[in-house]
Amino acid sequence: MPDAQPKTPDDLFRFLDSLGIAHKTMRHQPVFTVAESVALRDEIPGGHTKNLFVKDRKDNYFLLTVEENAVVDLKTVHTVIGAAGKVSFGKPEKLMEYLGVIPGAVTAFGIVNDTGHHVRIVLDENLMKEEIVNCHPLSNDATTSIASSDLLRFIEATGHEPLVLKVTA
């Protein structure tokens with residue numbers, strides 16, 4: 001179990017501020033799926049994300065962050081991300097333990113809670129072509145916009161090495 005409580009959205013914003021990373025957050029009704037969040041597209045420009053928390057047969061965990069409409073082939077993605085065999089979805093308990101979020105609020109920003117470096121974060125190269133990337137700020141009742149280059153800086157500042165790979169079909 002982690003030693004500390006998961007960080008809050010305010011903790012995240014303070015961390016981004018400390019790194020000099022510009023960010024803009026829009027609050028909205030909680031959304032649990034990509035389909036529920038489609039109504040926000042006109043109000044929030046940039047690439048919107050879908051996040052998959054997966055593990056391989058050796059209990060190596062990965063967070064795949066892709067564009068919301070992208071298709072990830074779970075039968076073959078292990079060959080791209082370096083997993084030990086095929087991947088399956090991680091359990092909600094591990095999601096909370098490692099990334100500090102619940103299902104429906106999975107986000108690249110969750111890596112800030114992975115102080116034990118249990119999770120490899122993989123960003124799809126098509127998503128990273130977007131100037132602005134939108135992610136939940138550790139809760140699904142808001143969307144935070146950040147430059148894609150700053151998302152990489154944020155991940156590196158958490159001590160993780162972001163992998164930018166083509167993981168979508």
Side-chain angles (χ1 to χ4, degrees), residues 1-2 4-16 23-56 59-75 77-78 81 83 86-124 126-128 130 132-146 148 150-151 154-155 158 160 162-163 167-169:
M1 292 299 287
Q5 290 282 27
K7 291 178 177 47
T8 66
D10 287 338
D11 295 332
L12 171 67
F13 301 146
R14 281 191 290 277
F15 185 57
L16 292 171
H23 56 94
K24 179 180 177 185
T25 299
M26 179 180 158
R27 301 233 175 254
H28 49 71
Q29 288 297 314
V31 292
F32 293 90
T33 66
V34 168
E36 290 178 5
S37 64
V38 169
L40 303 170
R41 295 305 158 260
D42 293 340
E43 299 177 53
I44 306 173
H48 293 266
T49 57
K50 170 170 60 178
N51 298 272
L52 307 173
F53 179 66
V54 298
K55 70 177 211 63
D56 66 16
D59 286 338
N60 296 306
Y61 286 83
F62 300 84
L63 176 61
L64 309 179
T65 299
V66 303
E67 194 274 329
E68 68 181 346
N69 296 311
V71 175
V72 177
D73 184 349
L74 290 179
K75 292 181 178 137
V77 74
H78 66 283
I81 64 175
K86 292 183 180 172
V87 298
S88 59
F89 288 105
K91 298 210 177 307
E93 298 80 22
K94 288 296 183 186
L95 179 61
M96 177 53 75
E97 180 181 346
Y98 293 157
L99 300 181
V101 295
I102 60 169
V106 185
T107 172
F109 289 133
I111 210 74
V112 74
N113 285 307
D114 183 29
T115 56
H117 298 91
H118 299 283
V119 180
R120 302 258 356 232
I121 183 161
V122 180
L123 305 165
D124 187 59
N126 288 339
L127 173 68
M128 297 310 290
E130 295 281 348
I132 300 294
V133 175
N134 297 290
C135 304
H136 289 312
L138 307 176
S139 66
N140 63 355
D141 61 353
T143 298
T144 296
S145 304
I146 183 174
S148 56
D150 284 338
L151 179 59
F154 159 78
I155 293 167
T158 69
H160 291 79
L163 296 176
V167 296
T168 56

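- For the side-chain contact (heavy atoms from CB on, under 4.5 Å) criterion with T65, the lone passing option out of V133, L123, D124 is L123.
- From H48, atom NE2 reaches atom CG of L127 across 10.5 Å, with rounding to the nearest 0.5 Å.
- In this structure, the side chain of N134 does not engage the main chain of T143 through any donor-acceptor pair within 3.5 Å.
- With values rounded to the nearest 0.5 angstrom, K86 atom NZ is found 7.0 Å from K75 atom NZ.
- Looking only at side-chain heavy atoms (C-beta outward), I44 and S145 come within less than 4.5 Å of each other.
- With contacts defined as side-chain heavy-atom distances shorter than 4.5 Å, the pair T107/T49 does not qualify.
- Atom NE2 of residue H118 and atom CG of residue N113 lie 11.5 Å apart, to the nearest 0.5 angstrom.
- For the residue pair A108 and N51, the shortest heavy atom distance occurs at N-OD1, 3.6 Å.
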Please assess K7 against L138 for the test side-chain contact (heavy atoms from CB on, under 4.5 Å), listing each intermediate value before the final yes or no. CA-CA 8 Å; K7 291 178 177 47; L138 307 176; 4.2 Å; yes
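- Here the side chains of M128 and S148 are in contact, with some heavy-atom distance below 4.5 Å.
- F62 places a side-chain heavy atom less than 4.5 Å from the side chain of D56.
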Audit row: V71, T168, side-chain contact (heavy atoms from CB on, under 4.5 Å) steps and yes/no: CA-CA 5 Å; V71 175; T168 56; 5.9 Å; no
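- The shortest side-chain heavy-atom distance between I81 and R120 does not fall under the 4.5 Å cut-off.
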Carefully, step by step, assess F109 and L99 under the rule side-chain contact (heavy atoms from CB on, under 4.5 Å). CA-CA 8 Å; F109 289 133; L99 300 181; over 6 Å; no
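- Residues I111 and V119 meet the side-chain proximity criterion, which asks for heavy atoms closer than 4.5 Å.
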Dump the intermediate steps for side-chain contact (heavy atoms from CB on, under 4.5 Å) on R27 and D141, then the final yes or no. CA-CA 6 Å; R27 301 233 175 254; D141 61 353; 4.3 Å; yes
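- Using a 4.5 Å heavy-atom threshold, the side chains of T144 and C135 count as separate.
- Evaluation of the side-chain contact (heavy atoms from CB on, under 4.5 Å) rule for S88 yields K55 as partners, not counting sequence neighbours.
- Side-chain contact between D114 and T158: absent, with no pair of heavy atoms (C-beta onward) separated by less than 4.5 Å.
- Ring geometry for Y98 against Y61 counts as perpendicular: the plane angle is over 60°, on a 0 to 90° scale with 30° as the lower cut.
- Remark: F15 pairs with F154 by the ring pair (Phe, Tyr, Trp, His ring centres under 6.0 Å) rule, at least two apart or across chains.
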